[in-house]
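Beneath this line is the structure, given in structure tokens, with notes to follow.
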Amino acid sequence: DAKTTQPPSMDCAEGRAANLPCNHSTISGNEYVYWYRQIHSQGPQYIIHGLKNNETNEMASLIITEDRKSSTLILPHATLRDTAVYYCIVRVAFPGTSYDKVIFGPGTSLSVIP
Amino acid sequence: NAGVTQTPKFQVLKTGQSMTLQCAQDMNHNSMYWYRQDPGMGLRLIYYSASEGTTDKGEVPNGYNVSRLNKREFSLRLESAAPSQTSVYFCASSERWEKLFFGSGTQLSVL
């Protein structure tokens, strides 16, 4: 089973910030939070990841709560091209192990509205 | 640098036929994955390979077999295709704790 829960769908007005929440209450200390998105039927695309500090890149910002049980992906100025399904996953980052099972949940379908 | 390449892009099978989906990556990644995606649903992990020579079951392995032929290639085989295996199949690769890179997908229909 996926180790994250997300709302199934959200709307956002074009030009406004899109804030996508994710709960990962059972996250372990050695697990990262990753976000991907999938536009239409393309292969998913990496957005951002973090361990416990907030992260920002050219695509988005990631805010992780202090207890690491939840996070929020922020698209600062949503455009129509940001309409996609957004996936939040947790992933072990543990060198030397063969365990690397990466499970996706159903994600959040974000619709950016003109 | 092509990234992750999947072949074929489209395939139609009759029930009971067999086929192999091919996946190759040129990024020297250790880990490779096969996912399926059904309409309106998220990605479900079929099998994964954390390193050359190892494979492990994911969430929905029944009806599939995999081979990690070498570090570059990870194939998915359907021995006796069923209509329930109609889906879009994605291959992905990554370094152990880095981001996943996905292929463009194979659309499979089983009649």
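Order of the sequence lines sets the chain letters (A, B, ...), proteins ahead of strands, with each chain counted from 1.
Between B:Leu45 and A:Ile103, the shortest heavy-atom distance links the atoms CD2-CD1, 3.9 Å. The shortest non-hydrogen separation linking B:Leu43 to A:Tyr87 is N-OH, 4.2 Å.
In the hydrophobic clustering of ILVMFWY residues, with side-chain heavy atoms under 4.5 Å counting as a link, A:Leu73 and A:Val112 come out together. The hydrophobic cluster containing A:Met59 also contains A:Leu110, counting ILVMFWY residues as joined when their side-chain heavy atoms lie under 4.5 angstrom apart, directly or transitively. Tracing side-chain contacts under 4.5 Å through hydrophobic residues (I, L, V, M, F, W, Y), one never reaches A:Ile74 starting from A:Leu62; they form parts of separate clusters. By the criterion of side-chain heavy atoms lying less than 4.5 angstrom apart, applied directly or through intervening Ile, Leu, Val, Met, Phe, Trp or Tyr residues, A:Val33 is grouped together with A:Leu20 in one hydrophobic cluster. Cluster membership check: A:Ile89 does not share its hydrophobic cluster with A:Ile63, using side-chain heavy-atom separations under 4.5 Å among Ile, Leu, Val, Met, Phe, Trp and Tyr.
The NZ atom of B:Lys99 sits 9.0 Å away from the CD atom of A:Gln45 when rounded to the nearest 0.5 Å. A distance of 13.0 Å separates CD in A:Gln42 from CZ in B:Phe102, rounded to the nearest 0.5 Å.
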B:Tyr48/A:Val102 under side chain to side chain contact (heavy atoms under 4.5 Å, CB included): CA gap, chis, key distance, verdict:
CA-CA 8 Å; B:Tyr48 68 104; A:Val102 183; over 6 Å; no
Taking it one step at a time, do B:Ser94 and A:Arg91 satisfy side chain to side chain contact (heavy atoms under 4.5 Å, CB included)?
CA-CA 12 Å; B:Ser94 81; A:Arg91 181 174 187 193; 2.8 Å; yes
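The environment of CZ in A:Arg16 is sparse: at most 12 heavy-atom neighbours from other residues, nucleotides or ligands sit within 6.0 Å.
Residue B:Leu100 forms a side-chain contact (heavy atoms from CB on, under 4.5 Å) with just one option from A:Tyr34, A:Tyr46, A:Tyr36, and that option is A:Tyr36.
In this structure, chain B has no heavy atom under 4.5 Å from any part of A:Ser109. Looking at B:Phe101, there are no atoms closer than 4.5 Å to chain A (heavy atoms on both sides), in backbone or side chain.
Judged as a side-chain hydrogen bond (donor to acceptor under 3.5 Å, both in side chains), the pairs with a partner in residues 81-93 of chain B (not counting sequence neighbours) are, in order, B:His29-B:Ser93, B:Asp38-B:Ser87, B:Tyr64-B:Tyr89.
Of the residues considered (B:Lys57, B:Arg44, B:Gln37), B:Gln37 shows the highest number of contacts with chain A, using heavy-atom pairs under 4.5 Å.
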